[in-house]
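In what follows, every heavy atom counts, from backbone to side chain, and hydrogens, waters and symmetry copies are set aside. Just so we're clear, the structure is a prediction, and the values are computed from it rather than from any experiment.
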Amino acid sequence: GTVTLSPEETDALGEIGNICMGTAATTLFTLLNHKVLITTPKVEALTWEQFINTITDDLTAVSVDYTEGFRGSNLMILKDHDVKIIADLMMGGTGAYAEGPVTDLHLSAIAESMNQMIGSSSTSMAQIFNKKIDISPPQALKMEANLEDIFGPKGDIVKISFRLQIEENIIDSELMQVLPIQFAKELIAGLLNQEQIATEEVAAPQPIENK
């Protein structure tokens, strides 16, 4: 069976993605000392099999668990190439690319940068959803590790792909966010619910003061 999201659901996720990644990009700028743009979310619903088929062995995943406000896992997926460059920038380098495999040093650097990014974007989420949102410290791992260990049962997922740019042409690439469809639907419901509340507050008749 195919998984689908309505255009309204797709837009809602894109909107959440834009707000969160806007904040995340600002945080990354302070970490890397280079302007970062994370834009143009492209939202697709995929079955587990379709998702696995998009995975190549040149990717690194950072798994993030939401522990309060929402419960669910979330994978951020980057190209190994970009992971190495971000790690180099974090350590005060020029963003030079080093040949060879992704090391534990690279993984801990990317886990830390995602920790800061997702930490700041969860502050934005807290404002959107009007509730406290917390995450557990992210774990970074090479994609050939068993995804089910970090991602639970292999159900349908939503993949949101962003364009990731680091200025001075250091990176122009893709950052992917992957979440279980149930979690995505909870986020959508939360957003639409908040928008509904906002509309009702505007529409409520104002009491007339008797002088």
Side-chain angles (χ1 to χ4, degrees), residues 2-31 35-47 51 62-78 113-138 151-152 155-167 174-211:
T2 52
V3 254
T4 51
L5 290 170
S6 70
E8 187 187 33
E9 290 176 318
T10 303
D11 287 350
L13 283 175
E15 189 181 330
I16 296 166
N18 258 337
I19 295 168
C20 291
M21 288 304 167
T23 315
T26 307
T27 304
L28 209 48
F29 170 60
T30 54
L31 276 180
K35 188 163 193 275
V36 179
L37 297 168
I38 306 175
T39 54
T40 54
K42 184 167 136 262
V43 179
E44 345 168 51
L46 301 170
T47 64
F51 167 54
V62 181
S63 106
V64 181
D65 287 328
Y66 286 85
T67 53
E68 188 176 343
F70 288 101
R71 289 196 177 274
S73 288
N74 186 341
L75 282 185
M76 306 301 287
I77 302 173
L78 297 105
S113 65
M114 290 290 146
N115 191 20
Q116 305 264 350
M117 275 174 64
I118 307 284
S120 67
S121 77
S122 59
T123 309
S124 294
M125 278 174 74
Q127 289 166 340
I128 304 173
F129 297 111
N130 202 11
K131 59 178 169 180
K132 184 168 160 36
I133 293 175
D134 256 336
I135 57 164
S136 63
F151 217 50
D156 297 337
I157 61 109
V158 174
K159 180 171 99 173
I160 310 173
S161 312
F162 297 91
R163 184 178 181 190
L164 169 68
Q165 291 166 280
I166 298 179
E167 295 287 287
E174 187 183 47
L175 166 69
M176 289 177 280
Q177 182 178 23
V178 176
L179 54 166
I181 201 145
Q182 294 82 346
F183 186 20
K185 297 250 185 198
E186 265 180 64
L187 291 175
I188 294 163
L191 179 71
L192 299 178
N193 184 30
Q194 286 305 120
E195 286 179 350
Q196 183 65 35
I197 292 167
T199 313
E200 283 164 10
E201 280 170 4
V202 172
Q206 296 305 311
I208 299 159
E209 302 221 351
N210 292 324
K211 288 276 180 279

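Applying the side chain to side chain donor-acceptor pair (under 3.5 Å) test to pairs two or more places apart or on separate chains, those with a residue in residues 126-135 are K132-D134. For residues 183-192, the pairs satisfying salt bridge (charged side-chain N to carboxylate O under 4.0 Å, His left out) are E9-K185, with sequence neighbours left out.
Between P41 and L13, the closest side-chain pair of non-hydrogen atoms is not below 4.5 Å. L191 has its side chain within reach of I128: a pair of non-hydrogen atoms, C-beta onward, lies under 4.5 Å apart. At least one side-chain heavy atom of E8 sits less than 4.5 Å from a side-chain heavy atom of L192. L37 is not listed as a side-chain neighbour of R163, based on a closest heavy-atom distance of 4.5 Å or more. Side-chain contact between D11 and V43 is absent, with no heavy-atom pair separated by less than 4.5 Å.
Taking both residues in full, the closest heavy atoms of A184 and V158 are given as CB-CG2, 3.7 Å, listed atom of the first, atom of the second, then distance. Closest approach of C20 and S121 over heavy atoms only: O-CB, 3.2 Å. Between S120 and T23, the shortest heavy-atom distance links the atoms O-CG2, 3.5 Å. Residues P138 and N115 come closest through the heavy atom pair CD-OD1, 3.3 Å. Shortest non-hydrogen contact noted between A45 and I181 is CB-CD1, 4.2 Å. Residues D65 and S73 come closest through the heavy atom pair OD1-OG, 2.6 Å.
Taking CE of M176 as the start and OG of S161 as the end, the distance is 6.0 Å to the nearest 0.5 Å. Note: M76 CE to Q177 CD = 4.5 Å, rounded to the nearest 0.5 Å. For the atom pair K42 NZ and F162 CZ, the distance stands at 12.0 Å (nearest 0.5 Å). With values rounded to the nearest 0.5 angstrom, Q165 atom CD is found 9.0 Å from K35 atom NZ. Here the CD1-OG1 distance, from I197 to T199, works out to 9.5 Å after rounding to the nearest 0.5 Å. I160 CD1 to I157 CD1: the interatomic distance, rounded to the nearest 0.5 Å, is 9.5 Å.
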Quiz item: Can you check side chain to side chain contact (heavy atoms under 4.5 Å, CB included) on M21 and L175, steps first, answer last?
Solution: CA-CA 10 Å; M21 288 304 167; L175 166 69; 4.2 Å; yes
Practice problem: For side chain to side chain contact (heavy atoms under 4.5 Å, CB included), just list the numbers for T67 and I135, CA-CA rounded to whole Å, side-chain angles, deciding distance to a tenth of an Å, and then say yes or no. | Solution: CA-CA 5 Å; T67 53; I135 57 164; 5.6 Å; no
Practice problem: Verify side chain to side chain contact (heavy atoms under 4.5 Å, CB included) between M125 and Y66, making sure each step is shown before the conclusion. | Solution: CA-CA 11 Å; M125 278 174 74; Y66 286 85; 3.7 Å; yes
Practice problem: Take L179 and L187 through the side chain to side chain contact (heavy atoms under 4.5 Å, CB included) test and state the conclusion after the steps. | Solution: CA-CA 11 Å; L179 54 166; L187 291 175; 3.6 Å; yes
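Looking at residues two or more places apart in sequence or on another chain, you find no side chain to side chain contact (heavy atoms under 4.5 Å, CB included) involving T123.
Classified by interplanar angle (parallel below 30°, tilted 30° to 60°, perpendicular above 60°), the ring pair F70/F129 is perpendicular.
If you run side chain to side chain contact (heavy atoms under 4.5 Å, CB included) between M117 and each of I38, V36, T26, only I38 comes through.
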